[in-house]
Novice: 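Dropping the structure in here first, questions after.
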Amino acid sequence: MINITFPDGSVKQFEAGVTPLQIAESISPRLAQDVLAAKVGGVEWDLSRPIDADTDLHLYKWEDPEGKHAFWHSSAHLLAEALQELYPGVKFGIGPAIENGFYYDIDTNGHTLTSADFSAIEKKMIELARRKEPIVRAEISKADALKVFGERGEEYKCELISELEDGSITTYTQGAFTDLCRGPHLPSTAPIKAVKIMSLAGAYWRGDEKRNQLVRVYGITFPKQKMLDEYLALLEEAKKRDHRKLGKEMGLFAFSANVGQGLPLWLPKGAALRDRLEQFLRKIQKQYGYQQVITPHIGNKNLYVTSGHYAKYGKDSFQPIHTPEEGEEYLLKPMNCPHHCEIFRAAPRSYRELPLRLAEFGTVYRYEQSGELHGLTRVRGFTQDDAHIYCTSDQIKDEFLKVMDIILYIFKTLKFDNYEAQISLRDPNNKEKYIGSDENWQKAEQAIIEACAEKGINARTELGEAAFYGPKLDFMVKDALGRRWQLGTIQVDYNLPERFQLEYTGADNQKHRPVMIHRAPFGSMERFVAVLLEHTAGKFPLWLAPEQAIILPISEKFNDYAYEVKRQLEQQDIRVSVDDRNEKIGRKIRDNELNRVPYMLIVGEKEMENGEVSVRKQGEGDKGSVKITTFAANLTEEVNNMINQ
RNA sequence: GCCACAAUAGCUCAGUCGGUAGAGCAUUUCAUUCGUAACGAAAAGGUCCGGGGUUCGAACCCCCGUUGUGGCUCCA
């Protein structure tokens with residue numbers, strides 16, 4: 001008998017050689033039906049693989065990432081099996097599970113695969129899955145593996161095998177298909193009920209553009225058809241919310257080939273929106289003791305040589321600007337930190353000034369690879385909501401707490417109710433990779449961990465994810481469709497204070513080096529507007545909406561009254577316009593509903609007589625008539641409630 | 001940057017075999033003056049991404065470039 005320890009700490013006894021699936025069956029038939037994968041003694045384990053010794057056991061279902069992973073990994077094998085049957089002679093690269101589904105890289109051996117083939121592949125996969133073939137794990141010697149895959153002409157697999165250690169090689173077989181694979185896998189392909197081939201793409205073997213190009217077939221599968229339908233509906237919805245589409249529709253921003261790739265042009269409505277976001281952030285930053293600064297868009301090349309950025313990114317960046325002066329070179333500013341360090345150096349600093357918090361909506365330029373540019377989320381010129389905090393190492397924790405306050409306030413105000421945090425620390429086995437003293441690192445890492453605990457934030461900790469110059473804390477939000485976006489970053493930096501020789505005079509009348517903290521709650525204005533657009537589907541909260549209300553006269557006879565209402569509302573700082581087109585009221589309502597204007601104010605004979613407006617809320621319909629002043633007061637209150645919660 | 005695909009009216013898109021440009025919406029004008037999600041009529045609107053080539057003739061075929069999309073690699 002062996003002892004199996006469960007995640008809740010309980011221990012049960014089983015016969016040696018019992019499988020995780022049998023254990024699940026002993027707990028409940030329902031669990032046995034739902035379980036997809038297991039972890040045994042910290043090792044990913046197949047459900048049908050026997051356990052021989054005392055150990056602990058995790059069972060994973062669809063809801064667990066590990067469960068989905070096994071499901072999609074087995075689906076990748078199913079795809080390969082289908083491709084092998086449909087197109088004999090194809091050779092296989094690798095076929096892993098990914099965040100949403102899986103892919104398989106194949107060498108089609110001359111056959112051209114197009115999206116017209118998708119339905120045939122899907123059909124074949126379903127047909128194979130219905131055979132409910134068991135997926136069988138086998139351990140194989142390196143020599144045998146090379147022989148088996150070599151005979152089948154699987155050159156890519158052979159290359160992989162030749163790099164593996166003998167004794168660690170396993171294969172998985174279902175039906176007539178055998179793949180080199182570490183696992184784990186489902187016990188059989190039976191649970192795969194719904195299949196969708198998503199797309200094709202070219203991918204180089206091992207990501208190396210000098211090697212063969214393979215065809216990457218992307219797919220996704222689910223245990224229920226309904227889940228696939230929901231997933232496809234979600235993709236449809238995401239397409240509708242695409243910020244590039246909404247930005248064009250709503251007149252927020254544009255791009256021009258004449259201006260250049262990745263250089264957004266902010267249209268009047270987009271610029272006003274951005275300005276409102278900046279004001280919002282400025283206001284709270286002021287409360288938290290930040291001081292606004294302004295620095296130029298270019299800087300002498302030597303500044304970036306000092307900061308170290310030139311050595312690291314100079315070649316892959318916008319190239320230096322030359323002046324009539326021989327040998328004089330300037331760079332477009334790729335980040336604001338060096339400029340802010342010079343502001344720190346502009347005066348002798350005392351410990352009494354710390355923490356010194358310098359904020360700037362600083363526009364920076366980075367030469368991103370052309371293939372990486374994407375709408376507003378990846379551009380070559382963008383404005384960071386940047387700030388640098390210069391403080392002592394004892395102040396790090398308190399500063400983190402304050403920045404987290406700002407970030408959480410933003411999330412709350414903009415209704416990003418679902419967020420995660422990640423703490424990135426150094427790799428404890430590789431300490432020499434990092435700059436700064438061991439003591440400082442420990443202090444900073446401890447400060448971040450404590451700050452998260454104090455805020456009640458359940459942050460994931462990743463070792464080895466820190467930058468070479470300091471640990472950091474990142475926030476990820478989930479938008480209305482459940483997609484994750486990285487938003488706020490707080491980053492400790494020991495490098496730049498060193499490079500710029502920053503100093504302050506301490507209470508002991510000695511010179512000390514400050515610590516620097518980089519932070520950007522939005523990341524960049526561009527990226528944040530993009531995320532906000534996709535999160536809200538363009539229906540901005542009232543306080544941000546480009547137009548808060550639009551007045552719809554029933555007919556042209558009431559245009560004068562409409563403009564009088566507009567004048568009165570504008571006096572209360574309400575953003576309002578008049579739809580004075582010669583159209584029927586139904587038409588005006590429809591158009592402005594589609595334009596996402598939060599309030600429509602319908603005015604005709606009745607309203608004019610009583611000094612009223614008939615209020616209609618976007619998406620909700622008729623709300624009845626109120627006095628103009630009442631509407632203005634209600635709207636102002638609604639806005640205030642949104643930003644002062 | 002690499003690979004694949006794409007670019008036609010302000011927007012979304014059609015355009016067959018290479019024979020000289022089309023729809024819906026938006027716009028303008030006319031008509032209408034209307035009560036909570038599309039009234040009607042007409043007009044105007046084109047460097048078919050740019051350049052070169054093949055051809056009697058190119059939106060369409062070929063080459064080069066630009067920009068975009070998806071993926072790969074990258075991300076201070």
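Being a predicted model, the structure only gives us computed values, none of them experimental. Note on naming: letters A, B, ... go to the chains in the order of the sequence lines (proteins, then strands), and numbering restarts at 1 for each one.
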Novice: Between the base of B:rC25 and the side chain of A:D591, is there a donor-acceptor distance below 3.5 Å?
Specialist: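 Between B:rC25 and A:D591, which were checked side chain against base, a qualifying N/O pair under 3.5 Å is absent.
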
Novice: Pick the closest RNA chain B nucleotide for A:L200 and for A:V603 by heavy atoms, then say which residue is nearer the 5' end.
Specialist: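 Nearer the 5' end of the strand: A:V603.
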
Novice: Among residues at least two apart in sequence or on other chains, which ones pass side-chain hydrogen bond (donor to acceptor under 3.5 Å, both in side chains) with A:Y87?
Specialist: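 None.
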
Novice: Tell me: CG of A:L552 to P of B:rU36, nearest whole Å?
Specialist: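 For the pair A:L552 CG and B:rU36 P, the rounded distance is 13 Å.
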
Novice: Under a 3.5 Å cutoff on both atom distances, Watson-Crick or G-U, what's the dot-bracket for RNA chain B ([ ] crossing, | other strand)?
Specialist: (((((((..((((.....[..)))).((((.........)))).....(((((..]....))))))))))))....

Novice: Under 3.5 Å, is there a donor on one side chain and an acceptor on the other for A:D427 and A:Y434?
Specialist: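 The answer is no; no qualifying pair exists.
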
Novice: Under the salt bridge (charged side-chain N to carboxylate O under 4.0 Å, His left out) rule, what pairs show up with a residue in residues 489-500 of chain A, not counting sequence neighbours?
Specialist: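 For residues 489-500 of chain A: A:E498-A:R513.
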
Novice: List every contact pair, protein side and nucleotides 74-76 of chain B side both N or O, where the distance is under 3.5 Å.
Specialist:
{"residue": "B:rC74", "atom": "O2", "partner": "A:R378", "partner atom": "NH2", "Å": "3.4"}
{"residue": "B:rC75", "atom": "O2", "partner": "A:R378", "partner atom": "NH1", "Å": "3.4"}
{"residue": "B:rC75", "atom": "O2", "partner": "A:R378", "partner atom": "NH2", "Å": "2.9"}
{"residue": "B:rA76", "atom": "O4'", "partner": "A:Y313", "partner atom": "OH", "Å": "3.3"}

Novice: Under the salt bridge (Lys or Arg N to Asp or Glu O under 4.0 Å) rule, collect the residues that match up with A:K584, sequence neighbours excluded.
Specialist: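 Checked A:K584 against salt bridge (Lys or Arg N to Asp or Glu O under 4.0 Å); zero matches.
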
Novice: Which side-chain N or O atoms in residues 243-260 of chain A pair as donor and acceptor under 3.5 Å with protein atoms at least two apart or in another chain?
Specialist:
{"residue": "A:H243", "atom": "ND1", "partner": "A:E534", "partner atom": "OE2", "Å": "2.9"}
{"residue": "A:H243", "atom": "NE2", "partner": "A:L376", "partner atom": "N", "Å": "2.8"}
{"residue": "A:R244", "atom": "NE", "partner": "A:D242", "partner atom": "OD1", "Å": "3.0"}
{"residue": "A:R244", "atom": "NE", "partner": "A:D242", "partner atom": "OD2", "Å": "3.3"}
{"residue": "A:R244", "atom": "NH1", "partner": "A:H374", "partner atom": "ND1", "Å": "3.4"}
{"residue": "A:R244", "atom": "NH2", "partner": "A:D242", "partner atom": "OD2", "Å": "2.5"}
{"residue": "A:K245", "atom": "NZ", "partner": "A:E249", "partner atom": "OE2", "Å": "3.3"}
{"residue": "A:E249", "atom": "OE1", "partner": "A:R596", "partner atom": "NH2", "Å": "3.3"}
{"residue": "A:S256", "atom": "OG", "partner": "A:N258", "partner atom": "N", "Å": "3.0"}
{"residue": "A:S256", "atom": "OG", "partner": "A:V259", "partner atom": "N", "Å": "3.2"}

Novice: Write down the distance separating the P atoms in B:rU20 and B:rC25, rounded off to the nearest Å.
Specialist: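 Rounded to whole Å, the distance is 27 Å.
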
Novice: Of A:E556 and A:E593, whose nearest nucleotide on RNA chain B comes first from the 5' end?
Specialist: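 Its nearest nucleotide lies further toward 5', so the answer is A:E556.
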
Novice: What's touching nucleotides 3-10 of chain B from the protein side, N or O pairs under 3.5 Å?
Specialist:
{"residue": "B:rC3", "atom": "O4'", "partner": "A:Y204", "partner atom": "OH", "Å": "3.2"}
{"residue": "B:rC3", "atom": "O2'", "partner": "A:Q213", "partner atom": "OE1", "Å": "2.8"}
{"residue": "B:rC3", "atom": "O2'", "partner": "A:Q213", "partner atom": "NE2", "Å": "2.8"}

Novice: A:E99: which residues meet the salt bridge (Lys or Arg N to Asp or Glu O under 4.0 Å) condition with it, sequence neighbours left out?
Specialist: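 Salt bridge (Lys or Arg N to Asp or Glu O under 4.0 Å) check on A:E99 returns nothing, list empty.
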
Novice: Only counting residues at least two apart or in another chain, list the ones meeting salt bridge (Lys or Arg N to Asp or Glu O under 4.0 Å) with A:E399.
Specialist: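 Only A:R357 meet the salt bridge (Lys or Arg N to Asp or Glu O under 4.0 Å) criterion with A:E399.
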
Novice: Give each protein N/O atom lying under 3.5 Å from an N/O atom of nucleotides 64-68 of chain B, with the pair distance.
Specialist:
{"residue": "B:rG68", "atom": "OP2", "partner": "A:Q261", "partner atom": "NE2", "Å": "2.5"}

Novice: Between atom CG in A:N582 and atom C1' in B:rA41, what is the gap in whole Å?
Specialist: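 Distance check: A:N582 CG to B:rA41 C1' gives 14 Å.
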
Novice: Run the salt bridge (Lys or Arg N to Asp or Glu O under 4.0 Å) test against A:R380 and tell me which residues pass, sequence neighbours left out.
Specialist: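 A:R380 satisfies salt bridge (Lys or Arg N to Asp or Glu O under 4.0 Å) with no other residue.
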
Novice: Scan for salt bridge (charged side-chain N to carboxylate O under 4.0 Å, His left out) pairs involving residues 253-272 of chain A, sequence neighbours excluded, and state none if there are none.
Specialist: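 Checked against salt bridge (charged side-chain N to carboxylate O under 4.0 Å, His left out) - neighbours excluded - no pair reaches residues 253-272 of chain A.
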
Novice: If you only use heavy atoms from C-beta on, which nucleotide in B:rU36, B:rC72, B:rG35 is closest to the side chain of A:I554?
Specialist: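 Minimum distance to the A:I554 side chain belongs to B:rG35.
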
